[in-house]
Amino acid sequence: MIVIREKSAFLIYPNSFLNSLLMCGIVGYTGPREAYPIVINGLKRLEYRGYDSTGVALLNGGLKVYKKKGRVADLENFIIGENLHSNIGIGHTRWATHGEPNDRNAHPHTSASGKLAMIHNGIIENYAQIKKELLNKGYHFTSDTDTEVLLNFIEDIKNNNECNLEEAVRVALKRITGAYCILLIDEDTPDTIIAARKGSPLVIGVGKGEHFLGSDATPMLEYTKEVVYVNDYELAIVKPDELILKNLGNEKITPFVTKLDMELAAIEKGGYDHFMLKEIFEQPSTIYDCLRGRLDAAAGQIKMSGVDNNIEAFKNASRIIIVACGTSWHAGLVAEYVIEELCRIPVEVEYASEFRYRNPIINKGDIILAISQSGETADTLVAIENAKKQGAIIFGIVNVVGSSIARMSDGGAYTHAGPEIGVASTKAFTGQLAVLMMMALQIGKVRGTITNKLFSQLLFELDAVPEKVEALLKNADQLKMIAEKYKDATDALFLGRGYNFPIALEGALKLKEISYIHAEGYPAAEMKHGPIALVTEILPVVFVATKDSYHEKIISNMQEIKARRGKVIAIITEGDEVTPTLADDVFFVPPAHEIMAPLLSCVPLQLLSYYMGVAKGVDVDKPRNLAKSVTVE
Ligand code: F6R
């Protein structure tokens, strides 16, 4: 039996403790179509998860494995002219942790008999012990990976116990520690993929007489909207017309089918040169989508069901602890300023990677906000799992529907930014800010810490954000010119105050990852305590200096930079006549209440980084060493 769930929400599922996970993308197909094009196109969509090496395994008169260091396009070139006919296939795109990225370590791996092929996303922690046992039995290994060890372990069990592959996988998984999502194919059962997960995501798309598998739903979007999110410790036997889910105790589990609310166009470039640019330009509509159905400025209302369901907890919260990484952490920092201002609840913002390893004090009544685009970031996941054990309420702010953090949270709100493919986060960030603004307003209202007048004013301000972002995007070319002018800089400084201080941090992070220019973000006044030593006539200093209550102060900071001949690029508010006399280059954003300013001022900084990266010839959608979902600690 299959149960259809109409809309995926923040439901609580059993979930496991996650250790360090290997990031990678996995795809599979079994059915009447040609498997190779489905698998290879699926891998292209999952390249954001890693792009060190790529491989596919097909069954075409026997097992055929093709793999190569490099990107999916390198593999495609490598296998031109091969007979790739097969109605079953698995594919993998790797982000290397153990074992350097090379052809040998690329997945799929093949078992000693040459009959089984397997791909794996995860880390087998006790692989060394198992490898030793297999070496003693005479096995040889061709790669440095834990994956090849697990595969041969499975084959060894299959041979010795004279059991089928499914049984052998189950026995093997009970012995191993660590994390995995695995897909296996076997020459002896040529229509079946065996899959299992613990810790790494796995989605199975249900078609008519066919099934698709992926690390997320994007590889299967054009074929089916019905998917099953596989849970930890579940094993799937996937045939063209049958999907059997079992737990590791061999008991059948009813698969829940979720209907996807996502269109194919959302994961294609749509005429833009890069996903990052497309995603920056999508922000008027993604922010609108985030507000839609939740914010009604005319009626003076915000309705977020996730907040409503936990309203007593928020009303009485003694503290909010925000845990996140990277750009999501910057959104958390904006939230600290806004929530303390509007709700008068003390807020702490923690790097998830630090929070999880120290011994934080978590009191009854504390609420943890976990912010994550992917919903799969390992440090954030473990941080909330630890906090949950100590009794904290977990509220997730997540973009990817059905992701692990969404599933582990007690309640939450989706950012509704749609799939974010560019490795640098842009539209997910503004989605996070929009959700956090709404939450602060809703909670402030319930707590009585915001006046009716300010509440109403901010509702209208927030409502107007999509339109204002659209207006400022019309001047994107100005940033392209500024980027051209400064593209040869080796360093840059980003300065902001108050609500714009986290935006300075975010601007610096974006520039680093997309253009490889070293950049630092600082509170503008703090600059005098060190970074000012860096100022020379070639250092670009980006001021996020929109009109707010600190405006005069930041003007003074700008003068301090000018006095030392630094180059000033200023993001300022339309109508500001003073700043242009001090700055070398300016970009105007529409006027807004200072609380809403981050939603506008971050956008020109995204564009500036994008154009700098492009001007420097960087592959901005896949900058070196990075991956979209950081599922390693
Ligand atoms: C930067 C960026 C990263 C992520 C970070 C957290 O552009 O994308 O810093 O923000 O890896 O990822 P999520 O939000 O998926 O938890």
Side-chain angles (χ1 to χ4, degrees), residues 18 20-21 23 48-50 95 200-201 215-216 274-277 279-280 283 322-335 349-356 368-385 394 396-409 412-415 417-433 435-436 494 502-503 505-516 519 521 602-603 605-610 612-613 618-633:
L18 294 192
S20 55
L21 309 186
M23 303 184 273
Y48 72 86
R49 301 180 66 86
W95 189 88
S200 307
S215 298
D216 67 30
H274 296 96
F275 280 111
M276 184 178 174
L277 190 63
E279 287 158 7
I280 292 172
Q283 290 177 109
I322 297 178
V323 291
C325 303
T327 290
S328 299
W329 188 86
H330 296 151
L333 214 51
V334 174
V349 189
E350 299 267 359
Y351 286 113
S353 54
E354 288 297 314
F355 186 75
R356 65 178 282 195
I368 306 278
L369 291 192
I371 308 177
S372 175
Q373 186 287 127
S374 62
E376 300 292 345
T377 300
D379 284 324
T380 310
L381 252 171
V382 180
I384 61 174
E385 187 155 276
I394 313 293
I397 297 170
V398 174
N399 194 37
V400 177
V401 175
S403 56
S404 301
I405 292 175
R407 293 150 53 139
M408 200 184 283
S409 298
Y414 284 118
T415 44
E420 192 180 63
I421 315 279
V423 163
S425 190
T426 53
K427 63 174 182 170
F429 178 66
T430 45
Q432 291 165 348
L433 292 183
V435 162
L436 289 160
F494 284 72
I503 301 306
L505 297 183
E506 173 59 8
L509 176 66
K510 260 337 48 116
L511 189 69
K512 272 184 277 215
E513 60 184 341
I514 294 306
S515 72
Y516 309 153
C602 68
V603 179
L605 301 188
Q606 297 167 347
L607 283 166
L608 185 65
S609 307
Y610 170 79
M612 290 255 226
V618 173
D619 180 354
V620 293
D621 279 339
K622 300 187 191 82
R624 71 179 173 221
N625 303 335
L626 291 169
K628 184 81 187 148
S629 256
V630 183
T631 51
V632 284
E633 64 174 280

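These figures come from a predicted structure and were not determined experimentally. Note that ligands are numbered from 1 as they come in the structure, with each ligand's atoms numbered from 1 the same way.
- Side-chain contact check for Phe494 versus Leu605: some heavy-atom pair is nearer than 4.5 Å.
- By the 3.5 Å distance cut-off applied to N or O atoms, Ser425 is counted among the residues near ligand 1.
- Each of the atoms 13 (P), 14 (O), 15 (O), 16 (O) of ligand 1 lies under 4.0 Å from some heavy atom of Gln373.
- Taking only non-hydrogen atoms, the option from Ala370, Cys325, Ser374 nearest to atom 6 (C) of ligand 1 is Cys325.
- With a heavy-atom cut-off of 4.0 Å, Asn399 does not touch ligand 1 at all.
- The shortest N/O to N/O separation between Ser372 and ligand 1 falls below 3.5 Å.
- Remark: the Ser425 side chain and the Gln373 side chain contain no N/O donor-acceptor pair separated by less than 3.5 Å.
- Applying the side-chain hydrogen bond (donor to acceptor under 3.5 Å, both in side chains) test to Gln432 and every residue at least two apart in sequence or in another chain returns Ser328.
- Ligand-side atoms of ligand 1 in range of Ala424: 7 (O), range being under 4.0 angstrom from any heavy atom.
- Every atom of ligand 1 is numbered from 1 in the order shown, and the set under 4.0 Å from a heavy atom of Val423 is 8 (O).
- With Gln606 as reference, Gln283 is the one residue of Lys427, Gln283, Glu279 to meet the side-chain hydrogen bond (donor to acceptor under 3.5 Å, both in side chains) rule.
- Annotation: side chain of Val323 is in contact with side chain of Ile384 (closest heavy-atom distance under 4.5 Å).
- Which parts of ligand 1 touch Glu513 is read off a 4.0 Å heavy-atom cut-off, strictly below it: atoms 1 (C), 7 (O).
- Looking at residues two or more places apart in sequence or on another chain, you find a salt bridge (charged side-chain N to carboxylate O under 4.0 Å, His left out) between Lys622 and Glu47.
- Within ligand 1, the atoms closer than 4.0 Å to a non-hydrogen atom of Lys510 are 1 (C), 7 (O), numbered from 1 in the order shown.
- Aromatic pair Phe429/His330: ring centres not closer than 6.0 Å.
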